[in-house]
2 protein chains.
Amino acid sequence: MFLHIMGATRDTMDFRILDLLQHNALLTADQLAAQLPLSASAIARRIRRLRESGAIAADVSILSDEVGPFLSAVVQVQMDRHALAAVEALLRRLTASPQVQLFLDVSGTFDLMLLVTVRDMDAFNAFADEMLASDPVVRRYETSFVKRRRKFSPALPLDLA
Amino acid sequence: MFLHIMGATRDTMDFRILDLLQHNALLTADQLAAQLPLSASAIARRIRRLRESGAIAADVSILSDEVGPFLSAVVQVQMDRHALAAVEALLRRLTASPQVQLFLDVSGTFDLMLLVTVRDMDAFNAFADEMLASDPVVRRYETSFVKRRRKFSPALPLDLA
DNA sequence: GTTGAAACTTAGTTTCC
DNA sequence: GGAAACTAAGTTTCAAC
């Protein structure tokens, strides 16, 4: 099977490589060649193309929680949809904020869902005051604090049947 | 400043390295040495120690949404806290599920918060039926579908002031 | 156009100071 | 920790398909 993505053609082998790399980006072409029916040099070529084409958007180190301590919260936000420029300014500030790990537009009662991670409750209050409470575009927001982080994995389910 | 984490001592330089790697895990020791007051060989040593000690829990490739299409949903779950073994079995199944990208215990009305990513609405219904609706431990759940993913970044705010 | 093997280059590791 | 020697991984070339 072949899929055309962003102008490039990807076959099953590309998806198998992507699926392995999204769990361990440091796998070498040799290690991948040991589990895939393709030579290391062909795999290395494909990996470079996948990174250059943007199919691999980034390669990142996931830090242990123990570099913390941290406090995380899920914040659901309801917006006033009036001043478009002000809305976009808020969206940009939230996206750019290093405290925001996850930022989604969602359906339902709330418009936005945020996962915010900060050092402690003081830092959370400072974040909420500065980013949300003081912004007229925010109608209201509700916070659920994270008691435990059981899983945080960016890996997408590629189900390579 | 020094912090003791998991038996190891980390200084400011370690945190500066961690902060750069959590945004780009493919930075070479040479590239890091260009922006940090430390030689490439010392940096390479530190990186290896950070990985071996578990301070860097994993290095992963983040795939572009365009390898999709995908459907994501935030699912909030309220639990019946009676049968402990059954609760733990559910938690294990959810953690192990490749469709679950984020899995949190939260405070408030709901007990669990999930970010679920699947191929399409049929796959979402199959997931919800199999994992949630059919489980007596789940009292109720509410789903918000993701209209847009604005940010999904595992990077922690290390604020190296 | 893609593969696989070999030459080449670059990055990581080890040794020594 | 830093520099140099060494090893390993990625890149390029090229012949073959």
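The sequence lines fix the lettering, A, B, ..., with proteins before strands; numbering per chain opens at 1.
Ring centers of B:Tyr141 and B:Phe110: at least 6.0 Å apart, outside the cut-off. The distance between the ring centers of A:Phe2 and A:Phe15 does not fall below 6.0 angstrom.
Applying the side chain to side chain donor-acceptor pair (under 3.5 Å) rule to pairs touching residues 151-161 of chain B yields nothing, sequence neighbours excluded. Here side chain to side chain donor-acceptor pair (under 3.5 Å) pairs that include residues 31-44 of chain B, with residues two or more places apart or in two chains, are B:Thr28-B:Gln31.
For A:Asn125, the side chain to side chain contact (heavy atoms under 4.5 Å, CB included) partners two or more places apart in sequence, or in a different chain, are A:Met121. Applying the side chain to side chain contact (heavy atoms under 4.5 Å, CB included) criterion to B:Pro37, with sequence neighbours excluded, gives B:Met13, B:Arg16. Under the rule for a side chain to side chain contact (heavy atoms under 4.5 Å, CB included), the partners of A:Ala40 that lie at least two apart in sequence or sit in another chain are A:Ala29, A:Asp30, A:Ala33. Contacts of A:Arg148 classified as side chain to side chain contact (heavy atoms under 4.5 Å, CB included), with partners at least two apart in sequence or in another chain: A:Arg150, B:Asp105. Taking A:Phe127 as the reference, nothing meets the ring-ring contact (aromatic ring centres under 6.0 Å, His included) condition, with sequence neighbours excluded.
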*Applying salt bridge (charged side-chain N to carboxylate O under 4.0 Å, His left out), run through B:Asp111 and B:Arg139 and close with a yes or a no.*
CA-CA 10 Å; B:Asp111 300 302; B:Arg139 186 196 298 261; over 6 Å; no

*asked:* One pair to check against side chain to side chain donor-acceptor pair (under 3.5 Å): A:Ser61 and B:Gln22. What are the steps and the verdict?
replied: CA-CA 4 Å; A:Ser61 296; B:Gln22 72 173 343; over 6 Å; no

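Between chain B and DNA chain D, the heavy-atom contact criterion of under 4.0 Å yields a 5' to 3' nucleotide range of D:dG1 to D:dA3. Mapping heavy-atom proximity under 4.0 Å, the span of DNA chain C touched by chain B runs 5' to 3' from C:dA11 to C:dT15.
Across the helix from C:dG1-D:dC17 to C:dC17-D:dG1, the helix axis at one end is tilted relative to the axis at the other end by 20° (nearest 10 degrees, each axis from five pairs).
The aromatic rings of B:Phe152 and A:Phe152 sit parallel to each other, their planes meeting at less than 30°, with 60° as the upper class boundary.
In this structure, B:Leu115 CG and B:Leu104 CG are separated by 9.0 Å, a value rounded to the nearest 0.5 Å.
A salt bridge links A:Asp14 with A:Arg46: the distance from a Lys NZ or Arg NE/NH1/NH2 to an Asp or Glu carboxylate oxygen falls below 4.0 Å.
For DNA chain D, the neighbouring residues in residues 30-42 of chain B, judged by any heavy atom under 4.0 Å, are B:Leu38, B:Ser39, B:Ser41, B:Ala42. Looking at residues 44-52 of chain A, you'll see A:Ala44, A:Arg45, A:Arg48 sit with a heavy atom under 4.0 Å from some atom of DNA chain D.
Using a 3.5 Å distance cut-off with no hydrogens or angles, the side chains of B:Ser144 and A:Ser107 do not pair a donor with an acceptor.
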